[in-house]
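Structure first, commentary second.
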Amino acid sequence: MFSEKVEHLIQALSLMPSVGKKTAQRLAIHLLQHDRAAATQIANAINAAVGSVGSCQRCRNLSEHPICHICRDSRRNDSLICVVEGPMDVIAIEQSTNFSGRYFVLMGHLSPLDGIGPNELGLDILEATLQSGQTQELILATNVNAEGDATAYYLAELARKYGVSTSRIAFGVPMGGELEYTDSYTLGHAFERRTQF
C-alpha cells in the first residue's frame, strides 16, 4: 500500500510499547504529511540519546554522565536506597512522593527461565554499596507479581547479610477504588498487609 520507506517507518514506530499498526500508520503519515520538522527533530533526539545515554555507575539509572544527577545530589540521604525495576519507576516515585534517598535501578527482575540472574541486574554493585555500611534501609519497590516478589525476597536476604533493614512499599486497594472491582490478588495482599487504624 505504501512505499518501502514509509512501510519501514511504520514498522519502526510499531516497535514502541503500546503502539499498534494503526497508530504507527497515523504517526508516520502525520509526520510525513504535516510535520516534517518534528520528524527531523525526533530523529535527531533519538540519535543523540542512543549515542550518549548509558547507565549511572552507582545506581544504574539512565544517564549521559558516569554518575547521574540524583547520585551527584549532595542533599540526598545516603542511608536510604529504594530499589526499583526500571527508570520509569524512578520517575513515578520522584513525581509522586517526597522520597529524598538514593535509588538502585535493576533494569529488570530476576527471571531464571529468561537467563536473568543477579549478575544481569547489577547486584554486585548493590552488594558493594550495602557492604560499605552507609546504608541503613533498603526500600523494595519491585512490581507486585511473581517475579517482583521473588526479586524482593532475594534483595531482602542480601540486605540481611549486611545488617541492613528492609521494607517493601505498601500495596493493595487503590485510593478511590471499590472492593467489588478490585482483583483477588490485590485484595488478598491488602488483607495480608493490613495496618492498625
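FYI, side chains are in, hydrogens and waters are out, and symmetry mates aren't considered; it's all heavy atoms of this structure.
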Any side-chain heavy atom of L155 within less than 4.5 Å of one from L106? yes
Please confirm whether the backbone N or O of L32 pairs with a side-chain atom of R36, one donor and one acceptor, at under 3.5 Å? yes
Are there over 12 heavy-atom neighbours, none belonging to E157, within less than 6.0 Å of that residue's CD? yes
Verify the distance criterion only: is there a donor paired with an acceptor across the side chains of E137 and S79 at less than 3.5 Å? no
Enter the distance from E120:CD to S111:OG here, rounded to the nearest 0.5 Å. 10.5 Å
Check the angle between the aromatic planes of H34 and H30 and answer parallel, tilted or perpendicular using the 30° and 60° thresholds. tilted
Just by modelled atom types, is the E85 backbone N or O under 3.5 Å from a matching donor or acceptor in the D89 side chain? yes
Compare all side-chain heavy atoms of Y154 with those of H109 and state whether any distance is below 4.5 angstrom. no
Audit row: I93, C82, side chain to side chain contact (heavy atoms under 4.5 Å, CB included) steps and yes/no: CA-CA 10 Å; I93 292 168; C82 180; 3.7 Å; yes
Could you check if a side-chain atom of L158 sits within less than 4.5 angstrom of a side-chain atom of E127, using non-hydrogen atoms only? yes
If Ile, Leu, Val, Met, Phe, Trp and Tyr residues are connected whenever their side-chain heavy atoms lie under 4.5 Å apart, and connections chain through other members, are Y162 and I125 in the same group? yes
Separation between SG (C56) and CD1 (I67), nearest 0.5 Å, reads 4.5 Å
Is the shortest side-chain heavy-atom distance between D78 and Q136 below 4.5 Å? no
Looking at E94 and F99, what are the two nearest heavy atoms and their distance? OE2-O, 4.0 Å
Approximate separation, where rounding is to 0.5 Å, of E147 CD and D114 CG: 8.0 Å
Go through the steps to decide whether Y103 and R60 satisfy the test side chain to side chain contact (heavy atoms under 4.5 Å, CB included), and finish with yes or no. CA-CA 9 Å; Y103 292 95; R60 294 174 37 105; over 6 Å; no
Using a 4.5 Å cut-off on heavy atoms from C-beta on, say whether the side chain of D149 contacts that of R168. yes
Interatomic distance, D124 atom CG to L121 atom CG [nearest 0.5 angstrom]: 10.0 Å
Minimum heavy-atom separation for A28 and L9, please, with both atom names. CB-CD2, 3.7 Å
Does any part of the side chain of L110, heavy atoms only, come nearer than 4.5 Å to the side chain of P118, both counted from C-beta? yes
Do I46 and L31 sit in the same hydrophobic cluster, where Ile, Leu, Val, Met, Phe, Trp and Tyr count as joined when their side-chain heavy atoms come under 4.5 Å apart? yes
What heavy-atom pair brings A152 and T142 nearest, and what distance separates the two atoms? CB-OG1, 3.6 Å
Quick check against the 3.5 Å criterion: does T23 have a side-chain atom that pairs as donor or acceptor with the backbone of V19? no
Report the C-alpha separation of V84 and L140 in whole Å, then their side-chain angles, then the decisive distance to 0.1 Å, and conclude whether the side chain to side chain contact (heavy atoms under 4.5 Å, CB included) test is met. CA-CA 7 Å; V84 296; L140 306 174; over 6 Å; no
Start with the C-alpha distance between C59 and C68, add both sets of side-chain angles, then the distance that settles side chain to side chain contact (heavy atoms under 4.5 Å, CB included), and finish with yes or no. CA-CA 8 Å; C59 73; C68 73; 3.6 Å; yes
Hydrophobic clusters here meaning ILVMFWY residues chained together by side-chain heavy-atom distances under 4.5 Å, can you tell me if L126 and V90 are in one? no
Taking side-chain contact (heavy atoms from CB on, under 4.5 Å) as the test, write out the residues that go with P66, two or more places apart. Q57
Any heavy-atom pair between the side chains of V105 and V83 that's under 4.5 Å? no
Are a donor atom and an acceptor atom from the side chains of T135 and R102 found within less than 3.5 Å of each other? no
In terms of hydrophobic clustering (I, L, V, M, F, W, Y; side-chain heavy atoms under 4.5 Å; direct or indirect links), are F2 and L27 co-clustered? yes
What one should report as the nearest heavy-atom pair of A159 and L138 is CB-CD2, 3.9 Å
Nearest-0.5 Å distance that lies between atom CD1 in I169 and atom CG in N143: 8.5 Å
Let me confirm one number: the CG-CD distance from L13 to Q11, rounded to the nearest 0.5 Å. 10.5 Å
Answer yes or no: are there more than 12 heavy-atom neighbours, outside E7 itself, under 6.0 Å from its atom CD? yes
Measure from the side-chain N and O atoms of N44 to the backbone N and O of T40, and report whether any donor-acceptor pair falls under 3.5 Å. yes
Do R72 and H65 have side chains that get closer than 4.5 Å, going by heavy atoms? yes
